[in-house]
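Letters go in sequence order (proteins before strands), and every chain restarts at 1.
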Protein chains: 2
Amino acid sequence: MTENAPHRVETSRKTIRVLDALREHGSSSVTFLARELEMNKSTVHNHLSTLEAEKFVVRDGTDYELSLRLLGFGGYVQHRHPLYQVAKREVHRLASQTGELANLMVEEYGQGVYLASEQGERAVDLDIYPGLRRPLHAIGLGKAILAHLSPERVDDIIDEHGLPAETDQTITDRAELDAQLATVRDRGYAVDNEELIRGLRCVGAPIIAKDGTVLGAISVSQPVSRMNNERFTDEVPDIVQSAANVIELHANH
Amino acid sequence: MTENAPHRVETSRKTIRVLDALREHGSSSVTFLARELEMNKSTVHNHLSTLEAEKFVVRDGTDYELSLRLLGFGGYVQHRHPLYQVAKREVHRLASQTGELANLMVEEYGQGVYLASEQGERAVDLDIYPGLRRPLHAIGLGKAILAHLSPERVDDIIDEHGLPAETDQTITDRAELDAQLATVRDRGYAVDNEELIRGLRCVGAPIIAKDGTVLGAISVSQPVSRMNNERFTDEVPDIVQSAANVIELHANH
DNA sequence: ACAGCTGTTCTACTCGATGGAACAAACTAT
DNA sequence: ATAGTTTGTTCCATCGAGTAGAACAGCTGT
């Protein structure tokens with residue numbers, strides 16, 4: 001038992017570690033996972049057998065991989081999420097209206113989680129999928145959310161996750177971040193300028209509930225080549241903000 | 001240890017049972033789950049603490065519910081699924097072209113699993129989401145798949161799952177099913193006529209790989225009121241089949 | 001104030017997860 | 001072919017850890 005941790009089930013943590021490893025490495029064999037996780041071969045085998053019996057993994061010959069049963073859990077969580085239900089259509093509309101990539105994000109455990117991601121006709125292909133987690137400070141979506149969390153909450157989050165640099169444009173200075181968050185609050189939307197991925201610009205608007213708490217954020221991402229400064233500072237922000245407003249109306253019944 | 005089951009990790013099964021219960025009942029308290037699962041209160045508490053530490057569940061005051069971390073696994077599984085990658089755009093196109101509900105299904109463990117589900121402008125709202133499982137025999141999508149599995153495989157599946165009646169239109173007779181599957185093979189698409197849900201018609205076409213194995217099926221569902229017999233037997237099948245053909249082309253590189 | 005709920009903590013017991021060795025099956029290389 | 005290496009799987013004894021039950025604390029309503 002580590003430190004002051006209460007009574008935890010160590011065995012189940014091992015099972016979760018196996019699942020995590022399968023997600024990180026894709027289809028894997030018993031011995032590979034045993035080496036990777038520094039667990040005994042027979043232990044890994046037992047856990048995989050259990051997961052297979054429970055249909056959480058499928059075996060492809062000698063390798064195991066995550067099964068669609070996990071999609072059942074994931075789809076369920078997404079489907080029943082209150083913000084997803086009201087925002088789904090707007091994300092869709094935003095993607096087809098702009099032809100670009102539209103995303104919906106919420107905060108959980110101090111990280112940004114994509115709740116929905118929809119590609120328009122000419123959208124960039126970014127390997128973004130629902131459930132993917134990204135640091136909040138490095139993307140427009142995340143800054144839109146951070147700007148409307150309580151200062152204590154922002155402190156906690158940065159204490160836990162820091163301000164890692166994703167590209168050379170990422171904000172890594174706390175004062176700089178605070179300044180940007182103030183700007184976001186003023187003008188109502190956030191941007192990121194190749195902060196997570198080089199060549200990509202993104203405009204995000206917060207979704208605020210009637211009691212003032214931030215529910216999430218919605219954004220449009222497009223290559224710098226297709227977003228000149230005018231679109232970047234005028235047109236796109238308007239579109240994204242009005243989508244956020246529509247969602248706010250639905251969210252507040 | 002039950003029967004001839006090899007060495008399984010019983011503790012992890014309990015954790016999985018907790019997750020299942022949370023999915024079935026939604027947000028739940030410790031004592032509720034303990035009663036439901038016939039486990040000791042403290043045992044449930046330990047498992048939930050573990051799941052919370054691993055961020056698989058979030059607590060909302062005294063209740064626990066499934067977290068977005070599960071969406072991470074689910075989204076990953078969906079995103080990396082080979083059929084999803086090639087079929088995604090066609091499902092999208094089918095939904096906007098018809099304005100109705102378009103679905104993509106694959107078979108896993110003898111059940112039909114929705115891989116994608118997209119609503120067009122006037123589509124019915126069916127509580128279908130990616131990862132949801134349905135019996136193969138009761139839906140057009142499922143019959144499109146069954147028709148192209150090997151006879152032994154079909155036998156195995158029916159041995160395991162039977163032919164439960166979802167509505168009074170569901171096929172529950174094996175001979176009747178075989179006859180329908182033969183028809184599906186002949187004309188290239190499958191239908192269901194209020195077999196899963198009353199008032200809903202569905203046309204599904206199989207997606208076949210170049211080696212003859214069935215990869216999945218794609219469908220359009222709409223209310224009987226909007227699908228007269230002509231559309232049901234001519235127009236819609238054509239649209240769905242051509243979408244399936246496009247996917248087959250992409251799947252075969 | 002008291003009874004009846006919760007969730008949580010503690011502890012002793014014993015069940016079962018674990019790691020190591022032994023096994024079989026599949027491949028490689030000589 | 002045969003020997004050698006690597007795989008997945010099974011077996012088994014040990015001891016670590018999950019479990020159940022009781023005790024505690026915090027809350028609600030009458």
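A:L215 approaches A:A251 most closely through the heavy-atom pair CD1-CB, 3.9 Å. The two residues B:A21 and B:L33 come nearest to each other via the heavy atoms CB-CD2, 3.7 Å. Here the shortest heavy-atom pairing between A:A102 and A:V91 reads CB-O, 3.6 Å.
Considering only side-chain atoms of B:T62, the nucleotide from C:dT6, C:dT8, D:dG18 that sits closest is C:dT6.
The separation between B:H45 atom NE2 and C:dC10 atom C1' is 13 Å, rounded to whole Å. In this structure, CZ of B:R17 is placed 14 Å from C1' of D:dT19, rounded to the nearest angstrom. Between B:E38 atom CD and D:dA20 atom P the separation is 12 Å, expressed in whole Å. Between A:L48 atom CG and C:dT18 atom P the separation is 12 Å, expressed in whole Å. Following rounding to the nearest Å, A:N46 (CG) and C:dG20 (C1') show an atom-to-atom distance of 13 Å. The interatomic distance linking A:K14 (NZ) with C:dT18 (C1') rounds to 7 Å, in whole Å. Rounding to whole angstrom units, CG of residue B:L37 and P of D:dA20 are separated by 12 Å. Put simply, NE2 on A:H47 is 15 Å from P on C:dG16, counting in whole angstrom units.
Annotation: side chain of B:T15 is not in contact with side chain of A:T15 (no heavy-atom distance under 4.5 Å). Looking only at side-chain heavy atoms (C-beta outward), A:H47 and A:R17 stay at 4.5 Å or farther from each other.
Within the structure, every side-chain polar atom (N or O) of A:R13 is placed at least 4.0 Å from both OP1 and OP2 of D:dG18. Contact annotation: B:T43 side-chain N/O to D:dG18 OP1/OP2 distance is not under 4.0 Å.
Between its two ends, the helix from C:dA1-D:dT30 to C:dC23-D:dG8 turns its axis by 40°, counting five pairs per end and rounding to 10 degrees.
Tested against A:Y76, the residues B:L66, B:L71, B:L70 include a single side-chain contact (heavy atoms from CB on, under 4.5 Å) partner, B:L66. Residue B:H81 forms a side-chain contact (heavy atoms from CB on, under 4.5 Å) with just one option from B:L104, B:V86, B:L115, B:V113, and that option is B:L115.
Scanning for salt bridge (charged side-chain N to carboxylate O under 4.0 Å, His left out) contacts around A:R35 gives an empty result, with sequence neighbours left out. Partners of B:E248 according to the salt bridge (charged side-chain N to carboxylate O under 4.0 Å, His left out) rule, which considers only residues two or more places apart in sequence or in another chain, do not exist here.
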Note to self: Apply side chain to side chain contact (heavy atoms under 4.5 Å, CB included) to residues A:R134 and A:E166 and explain how you reach the verdict.
What the structure shows: CA-CA 10 Å; A:R134 282 283 136 92; A:E166 304 286 329; 5.7 Å; no
Filtered N/O pairs between nucleotides 21-29 of chain D and protein, under 3.5 Å:
residue, atom, partner, partner atom, Å
D:dG21, O6, B:S42, OG, 3.3

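Across the interface with DNA chain D, nearest-nucleotide mapping of A:D63 and A:S12 shows A:D63 to be the residue nearer the 5′ end.
No more than 12 heavy atoms of other residues, nucleotides or ligands lie within 6.0 Å of NE2 in A:H250, so this atom counts as exposed by the packing criterion.
Proximity of residues 25-35 of chain A to DNA chain C (heavy atom under 4.0 angstrom from any strand atom) is not detected for any residue.
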Donor-acceptor contacts, no H, no angles, side chain residues 135-157 of chain A, under 3.5 Å, sequence neighbours left out:
residue, atom, partner, partner atom, Å
A:H137, NE2, A:P164, O, 2.7
A:K143, NZ, A:Q180, OE1, 2.9
A:K143, NZ, A:V191, O, 3.0
A:K143, NZ, A:E195, OE1, 2.8
A:K143, NZ, A:E195, OE2, 3.2
A:S150, OG, A:E152, OE1, 3.4
A:S150, OG, A:R153, N, 3.2
A:R153, NH1, A:E107, OE1, 3.4
A:R153, NH1, A:E107, OE2, 3.3
A:R153, NH2, A:E107, OE2, 2.8
A:D155, OD1, A:R174, NH1, 3.1
A:D155, OD1, A:R174, NH2, 2.8

